[in-house]
Student: 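A single structure is presented below for examination.
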Amino acid sequence: DTDDVGHKYYLELELEDVLDKDRTVSCTAEVLYHLGSKSSAPDVQLTVQGELRSTEEADKEFYTRIRSLEKELVAENIPDSHGNVPPELEPILLLAWAASGYVIWQNSTENTKFNLAQVKHVKQVKRSDEDLQFDYVVLLHEMVSQEVLPWQVTLLWHPQRGARVCQCQGPAPGA
Amino acid sequence: DQVLHIMPETLQQVQHLQLLCSTLKLDLWKPLLPEDIRAGEDLHVRVPAPLVQEVKDSLDQRMISYRVLIPDVQKLVDRSMPRERSSLREVSAGYVYTEYHPMEEIYQWMTQIQKNNSELVTQHFLGKTFENRAMYYLQISQPSNKPKKIIWMDCGIHAREWISPAFCQWFVKEILQNYKTDSKISRFLQNLDLYVLPVLNIDGYIYSWEKDRLWRKNRSPYESGTCYGTDLNRNFNSSWGSVGVSFNCSSDVYCGPGPESEPETRAVAQFIKSKKSDILCYLTIHSYGQLILTPYGSTTKPPSNNEELMQVAKEAAAALKGKYGTSYRVGSTALILYSNSGSSRDWAHTIGIPLSYTFELRDTGTYGFVLPPEQIQPTCEETM
């Protein structure tokens, strides 16, 4: 407890690679929830101890595939109602997790627990520079209120530059 | 045999049809029950060959309009034989437990299960949902002259948690397939009766198939039909409305206008109350989270038999983990999840059922409510 500033948490975490279940990486983190201020995201400092798996080849393959699409990629409901994800859309779902991570971070308090429930809609936007752009509508499930709300988030991605959220709008209209 | 498509227009025609169906024991395909026949809604009924003329004459007499939907049922059946399932998705030995099934198929499944296992299984009517659908539970009971205690399990109180009804169906199948050969199960059934309610929130479940996959509540309308649904797991009479709820209908944790305001809640509560002195264990199955939750949600004060509750739950979690390594956390809702009131599990405990648990099945958020069908089998096997 840091008086007058907020609540600070010291965490020791183990990250599990969703695509390679036996692989774990240890991390430490410091999270500061600001006192009173409901509109500011918690401060996070993260240190990764160990190495993350190299995904260079898969990244290149995905990048080339998307860049060579004649029509921009558009998809809905990932996973579908039965939990199925077509293999070619798996990277799109993984990027959605990254994008959702940003939204979740920005909206988390000590009394929320968010998960990505489903990608409602994703649309690729072709760019003149080398980044891939995906405009997502993601459904986030919040455990305490049990609400599932749509959020619009745009993600830029590049094999070397990684993922960046470039724009974040609140709950989509008609929520 | 022929299938007729009939259009009753008046209440008298409806009544006549209901009478006809019950006295001639006709096979109603749509709706399921004679009491659901409505004026203005079409009806499909299979009429055995020897009765076809009699039925048609009776309809003509009352000026009830109809047409022949299927002129020869046998021909259709023969035509569809080479395929795995008939075009009507008939449910029997071919039921696929590793897929999610819509409510219509679950109803058919229950009928088949009772038919195929009549020495052990009886299907019972529990009540009706808001949208007037029948709620049934299956009783698995080995005939014996000694009185037996009861274990009750309900699934699907929240519409979007599809793995839950899938588990109830799996559970029933496992018991019935193995009770003769598995000594644990046969000993179990010698001393206990199992009551299984495969889908509690039927209206919500159907809505999640047809309209909104992530719907949670039931489908009662409020505020003149501008807002729908009560969270059935906040609607029971256990510290109702005190914490972890909303009094706003648009919330996913809306607890309803009062405790047991919902027909689904009342149907379950009335039955359990009537049998409470014989019920040893109350189980309610949810997803997701991989948790075994004990009372209470509304307070951190532990229940009187907390030690026993925790010990049994810990043993269950250990056995579960032994199968595929899946970790389940154990504890009271208030301590490891969040505060809530009006849950069925808390209510069951407060009326005197000693062992009362909520299971939150796989996973922990990767797929959440949309758990892929490949995970049905491992989830069910480990939970078994």
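What you are looking at is a predicted structure, and each value in this text was computed from that prediction instead of being measured.
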Student: Give, as side chain, backbone, both or neither, the part of Ser81(A) having an atom under 4.5 angstrom from any heavy atom of chain B.
Tutor: both
Student: Keeping Glu99(B) on the side-chain end and Pro373(B) on the backbone end, is there a donor-acceptor pair under 3.5 Å?
Tutor: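 No; judged by distance alone, with no hydrogens or angles, the pair does not exist.
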Student: Is Gln118(A) in contact with chain B via its backbone, its side chain, both, or neither, using a 4.5 Å heavy-atom distance?
Tutor: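 Contact with chain B: side chain only.
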Student: Verify salt bridge (charged side-chain N to carboxylate O under 4.0 Å, His left out) between Asp212(B) and Arg160(B), making sure each step is shown before the conclusion.
Tutor: CA-CA 9 Å; Asp212(B) 180 356; Arg160(B) 57 195 180 198; over 6 Å; no
Student: Using the ring of each side chain (for Trp, its six-membered ring), is Tyr357(B) parallel, tilted or perpendicular to Phe359(B), with breaks at 30° and 60°?
Tutor: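 Rings of Tyr357(B) and Phe359(B): perpendicular, over 60°.
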Student: Relative to chain B, which segment of Asn77(A) carries a heavy atom at a distance below 4.5 Å: side chain, backbone, both, or neither?
Tutor: neither
Student: Could you tell me which portion of Glu374(B) (side chain, backbone, both or neither) has an atom closer than 4.5 angstrom to a non-hydrogen atom of chain A?
Tutor: side chain
Student: Check whether any side-chain N or O of Thr230(B) sits under 3.5 Å from a backbone N or O of Leu232(B) as a donor-acceptor pair, and report yes or no.
Tutor: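 Flag not set: sc Thr230(B) to bb Leu232(B) has no pair under 3.5 Å.
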Student: Checking Phe369(B) against chain A: side chain, backbone, both or neither under 4.5 Å from a heavy atom?
Tutor: side chain
Student: Pick one of side chain, backbone, both or neither for Ser339(B), based on which atoms fall under 4.5 Å of a heavy atom in chain A.
Tutor: neither
Student: Check whether Asp131(A) reaches the backbone of Leu156(A) with its side chain - one donor and one acceptor, N or O, closer than 3.5 Å.
Tutor: no
